[in-house]
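Inspection log for the structure reproduced underneath, given as structure tokens.
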Amino acid sequence: MELQQMRYVIAVAEMSSFTKAAQRCLVVQSALSHQIARLEKELGARLFERTSRRVRLTPAGAAFLPAARQCLDAAERAAAEVAAAVGEVRGRLAVGLIPSVAAVDVPAVLREFHQRHPKARISLTVGASDELAEQVRQGDIEVAFLGIPVTAHPRGVMARKLAEERLVAVVSPDHPLADETSVDLRRLSSEVFVDLPAKTAGRAQSDLAFTAAGLTREVAFEVTNADYLTRLVGAGLGVTLLPPTYAEGLAGLTTLEVTDAPARAEYVIWGRESRAPAANAFLELLGIEEE
């Protein structure tokens with residue numbers, strides 16, 4: 001059983017297509033199909049069901065896939081450790097971040113990391129804090145940037161607090177509040193809100209603040225995309241609460257100080273297990289030494 005064969009199986013499983021998998025792996029389809037057929041013969045089981053319309057894993061293929069990924073990860077980790085021993089950073093660096101992260105200029109850090117370590121493979125995932133934390137715990141990504149209520153702390157991971165700031169209200173320029181310099185939660189509670197989905201870390205900081213003040217609010221629009229959230233606010237459909245450093249970069253919207261605003265803490269987190277060389281190098285750029 002060869003590592004290349006495992007790569008081909010993973011590619012077909014992820015792309016649900018032999019043609020697209022071959023394109024991703026930079027080989028002709030016939031070569032990829034031949035290698036998978038050889039592997040199936042060796043295993044004594046078909047890994048894929050093939051029809052003219054689709055390709056999907058068989059039960060045997062579904063059982064094989066996680067082990068194949070683990071083997072490839074272990075092989076890549078071993079190669080990266082050998083390279084690190086001679087002063088070269090290689091291997092995978094998977095980074096996750098929330099859309100509103102502001103304490104670190106992540107694109108700039110990634111650019112510097114790539115310039116220093118061009119042989120490392122970078123991937124980026126944008127998502128919600130709770131989802132990213134779980135991916136770090138599972139080892140699917142190495143490093144993530146989160147924004148959570150100041151009363152919370154990332155669990156099951158290593159963490160470093162980067163910043164803490166009080167949220168500001170964001171409204172459209174023609175909103176009645178746009179001419180004010182500040183507002184409080186009681187006044188905001190009468191407004192319609194645009195916010196992240198319920199039970200997410202980004203939503204919790206605002207929900208907890210209104211509850212602690214004995215107030216309720218109407219969240220009429222729940223969105224997972226920060227860009228669409230601000231577009232709805234810009235259209236005058238509601239107001240929202242955002243970190244000030246993120247809100248400053250939003251064109252065409254008005255921000256107001258909230259006198260009793262909730263606060264958010266930004267963290268960088270990484271796994272409890274031993275870190276891969278690429279993750280070590282990335283965290284060193286952030287000023288975090290190996291712990």
Side-chain angles (χ1 to χ4, degrees), residues 96-107 126-133 144-154 161-269:
L97 64 100
I98 57 171
S100 60
V101 64
V104 173
D105 186 345
V106 177
V126 178
S129 293
D130 45 359
E131 295 170 352
L132 296 173
F145 296 88
L146 315 180
I148 60 178
V150 292
T151 54
H153 189 276
K161 183 185 285 189
L162 299 173
E164 186 176 310
E165 56 187 354
R166 301 181 71 84
L167 305 186
V168 295
V170 181
V171 302
S172 64
D174 56 357
H175 191 281
L177 289 175
D179 294 329
E180 303 291 333
T181 57
S182 65
V183 69
D184 61 15
L185 291 179
R186 182 169 295 278
R187 173 66 183 84
L188 285 173
S189 66
S190 64
E191 298 292 331
V192 173
F193 270 79
V194 183
D195 212 329
L196 299 171
K199 299 183 180 180
T200 60
R203 168 78 171 269
Q205 54 209 4
S206 297
D207 284 347
L208 290 171
F210 279 95
T211 300
L215 301 169
T216 60
R217 62 173 180 150
E218 178 188 359
V219 180
F221 303 92
E222 292 188 347
V223 296
T224 58
N225 184 287
D227 176 66
Y228 206 74
L229 183 152
T230 56
R231 288 177 62 187
L232 291 174
V233 172
L237 293 172
V239 304
T240 195
L241 293 170
L242 292 172
T245 47
Y246 179 75
E248 288 170 1
L250 300 175
L253 295 176
T254 301
T255 61
L256 299 85
E257 177 189 355
V258 181
T259 55
D260 51 350
R264 178 182 89 158
E266 286 192 18
Y267 283 86
V268 59
I269 65 169

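All residue numbers in this chain count up from 1 along the given sequence. All values below were derived from every heavy atom in this structure, side-chain atoms included, with hydrogens, water molecules and symmetry-related copies excluded.
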Any Leu241 side-chain heavy atom under 4.5 Å of Phe210 side chain: yes
Residue from Val126, Leu196, Asn225 passing side chain to side chain contact (heavy atoms under 4.5 Å, CB included) with Pro99: Val126
Flag side-chain contact, heavy atom, 4.5 Å: Leu162 against Tyr267: no
Any donor-acceptor N/O pair, Thr240 side chain to Val194 backbone, under 3.5 Å: yes
Side chain to side chain contact (heavy atoms under 4.5 Å, CB included) between Arg166 and Val258, intermediate numbers included: CA-CA 8 Å; Arg166 301 181 71 84; Val258 181; over 6 Å; no
Distance, nearest 0.5 Å, that separates OG1 of Thr254 from NE2 of His175: 10.5 Å
Heavy-atom pair of closest approach, residues Tyr246 and Ala226: OH-CB, 3.6 Å
Gap between atom CG of Leu232 and atom CZ of Phe193 - 0.5 Å precision: 14.0 Å
pair Glu191-Leu177: side-chain heavy atoms closer than 4.5 Å: yes
Test log, rule side chain to side chain contact (heavy atoms under 4.5 Å, CB included), inputs Val192 and Phe221: CA-CA 9 Å; Val192 173; Phe221 303 92; 4.3 Å; yes
Leu188 CG to Leu256 CG distance, which is reported to the nearest 0.5 Å: 8.0 Å
Rounded distance (nearest 0.5 Å) linking atom OG1 of Thr259 with atom CG of Asp184: 4.5 Å
Val170 and Thr230: CA distance, side-chain angles, deciding distance, side chain to side chain contact (heavy atoms under 4.5 Å, CB included) verdict: CA-CA 8 Å; Val170 181; Thr230 56; 5.9 Å; no
N/O donor-acceptor pair under 3.5 Å between Glu266 side chain and Ala103 backbone: yes
Distance-minimising heavy-atom pair for Ile98 and Ala128: CG2-C, 4.2 Å
Interatomic spacing from CD1 in Ile269 to NZ in Lys161 - rounded to 0.5 Å: 15.0 Å
Note: Glu180-Arg187 ion pair, threshold 4.0 Å (strictly below): no
Spatial distance of atom CG (Asp130) from atom CG (Leu146) [nearest 0.5 Å]: 9.0 Å
Flag side-chain contact, heavy atom, 4.5 Å: Leu167 against Gln205: yes
Check: Gly147 main-chain N/O paired with Ser129 side-chain donor or acceptor under 3.5 Å: yes
Heavy-atom closest pair, residues Leu253 and Gly234: CD2-CA, 3.4 Å
Shortest non-hydrogen contact from Val183 toward Ala169: CG1-CB, 4.3 Å
Asp207 side chain reached by Arg217 side chain, heavy atoms, under 4.5 Å: yes
4.5 Å side-chain heavy-atom contact, Pro154 and Ile148: yes
Val233 vs Leu250, side chain to side chain contact (heavy atoms under 4.5 Å, CB included): CA-CA, chis, key distance, verdict: CA-CA 11 Å; Val233 172; Leu250 300 175; over 6 Å; no
Expected output: side-chain Asp195 to main-chain Arg203 donor-acceptor under 3.5 Å: no
Where Arg264 and Ala102 come nearest, the two heavy atoms and their spacing: NH2-N, 4.4 Å
Atom of Leu242, atom of Ala247 and distance for their closest heavy-atom approach: CB-CB, 4.5 Å
Expected output: side-chain Ser189 to main-chain Arg186 donor-acceptor under 3.5 Å: yes
